[in-house]
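Inspection log for the structure reproduced underneath, given as structure tokens.
Predicted model only: the values in this text are computed from it and were never measured. The basis for the numbers below is simple: all heavy atoms, side chains too, and nothing from hydrogens, waters or symmetry mates.
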Amino acid sequence: MNEAFFRLGIFLILFALLGLAETFYPRRVLKTAKVQRWQSNLGLFVIDVLAQRITLGAIVFSAALLAHAKGWGLFQAVGWPFGVEAAIALLVLDAAIYLQHVATHKIPWLWRLHRVHHADLDVDLTTGLRFHPIEILLSALYKAGIVLVLGVDPMVVLVYEALLSAFALFTHANIALPVTWDRRLRLLVCTPDMHRRHHSIDRPETDSNYGNILSLWDRLGRSYFEQPRLGQDGVVLGLKEERDAARLNLGRLLLMPFTRVHRRG
Ligand SMILES: [Zn+2]
Ligand SMILES: [Zn+2]
């Protein structure tokens, strides 16, 4: 099966389902016009996909095919059962992406790239697609490196990448999950209410709830926090220094990592 079509198919189905859920069961009333935000977020996503296809291609999947063909990596050496390998690979990749996310908040030049994601004044499923192309390319190289070192099976990589995209959409979705569902889901995975705190304007709140799929890493890393201080309805989203919705267009988002940060307040 074609890797790109598999991912695109899952993505489109989930996007449609979560989009419907956001329309009928919204968590918050959006503060800014959807048209411009969606133009910026979907525009960045298209540029990300094209940039990756033109430069690195499906590098993470290709790394798995290469490791498989050449017998490279830890799993090829130890010969554990497929189920054990798959479970360990999924855990390690999810933990690695948690650490990558922490690094993008702590290392200034990585934060310059990552703040494009945080500059969204509302959070909905399209925020899950809003990343600077350089951050996407660096992340692909990092994941490919881990896949090579472990010798992850190509099928597991396919499942992992699909899960990662699915959770990027889900955790940003502006959907009102029943509180009991949210509480039960959080025992295992990250939820929209959990990740919304990460988009708070208050930096200590931004530096929390970094997880992508499993909530375990935030609990282990002591970065797990239940709710925003001002609650799910009261929390102000975005960056302190970027409050002008009209300025957050696609062109400016692409240039944002290379422009000076004007701090306010
Ligand atoms: Zn972040
Ligand atoms: Zn986010």
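- Ion pairing of Arg252 with Glu242 is present here, as a side-chain N (NZ or NE/NH1/NH2) and a carboxylate O approach within less than 4.0 Å.
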- Decide yes or no on ring-ring contact (aromatic ring centres under 6.0 Å, His included) for His114 and His132, but give the supporting numbers first. CA-CA 7 Å; His114 185 60; His132 195 277; over 10 Å; no
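- A side-chain donor from one of Gln232 and Arg196 sits under 3.5 Å from a side-chain acceptor of the other.
- Of the charged side-chain nitrogens involved, at least one lies within less than 4.0 Å of a carboxylate oxygen, so that Glu161 and Lys143 count as a salt-bridged pair.
- Counting only residues at least two apart or in different chains, side-chain hydrogen bond (donor to acceptor under 3.5 Å, both in side chains) contacts with residues 167-182 comprise His117-His172, His172-His195, His172-His199, Asp182-Arg186, Asp182-Thr191.
- Of the residues Asn41, Asp48, Leu42, the one that meets the side-chain contact (heavy atoms from CB on, under 4.5 Å) test with Arg130 is Asn41.
- Distance check: Leu74 CG to Leu150 CG gives 6.0 Å after rounding to the nearest 0.5 Å.
- Of all heavy-atom pairs spanning Ile47 and Pro133, the tightest one is CG2-CG, 3.9 Å.
- In this structure, Arg219 places its CZ atom where more than 12 heavy-atom neighbours from other residues, nucleotides or ligands lie under 6.0 Å away.
- At a cut-off of 3.5 Å, with distance as the only test, no side-chain donor of Thr104 or Glu135 sits close to an acceptor on the other residue.
- Of all non-hydrogen atoms in Asp202 and Arg229, the two that sit nearest each other are OD2-NH2, 2.6 Å.
- The side-chain contact (heavy atoms from CB on, under 4.5 Å) test with Leu93 singles out one residue from Leu163, Leu164, Ile146, Ile88, and that residue is Ile146.
- Taken from CG in Asp94 to CG in Leu214, the straight-line distance is 4.5 Å, to the nearest 0.5 Å.
- Looking at Glu241 and Arg115, a side-chain N of the basic residue comes within less than 4.0 Å of a carboxylate O on the acidic one, giving a salt bridge.
- Below 30°, between 30° and 60°, or above 60°: for His105 and Tyr210 the angle between ring planes is above 60°, a perpendicular geometry.
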- Please step through side chain to side chain donor-acceptor pair (under 3.5 Å) for the pair Trp38 and Asp124, ending with a clear verdict. CA-CA 9 Å; Trp38 278 45; Asp124 66 12; 2.9 Å; yes
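- Side-chain heavy atoms closer than 4.5 Å link hydrophobic residues (I, L, V, M, F, W, Y) into clusters, and following such links, even through other members, never connects Val235 to Met194.
- Here NZ of Lys70 is found 11.5 Å from CG of Leu148. Values are rounded to the nearest 0.5 Å.
- Residues passing the ring-ring contact (aromatic ring centres under 6.0 Å, His included) test with Phe45, sequence neighbours excluded: Phe11.
- Ion pair Arg27/Asp193 flagged as a salt bridge, since at least one NZ, NE, NH1 or NH2 atom sits closer than 4.0 Å to an Asp/Glu carboxylate oxygen.
- The other residues sharing a hydrophobic cluster with Leu20 are Phe24, Tyr25, where clustering joins ILVMFWY side chains under 4.5 Å apart.
- Rounded to the nearest 0.5 Å, atoms CG (Leu141) and OG1 (Thr55) are 8.5 Å apart.
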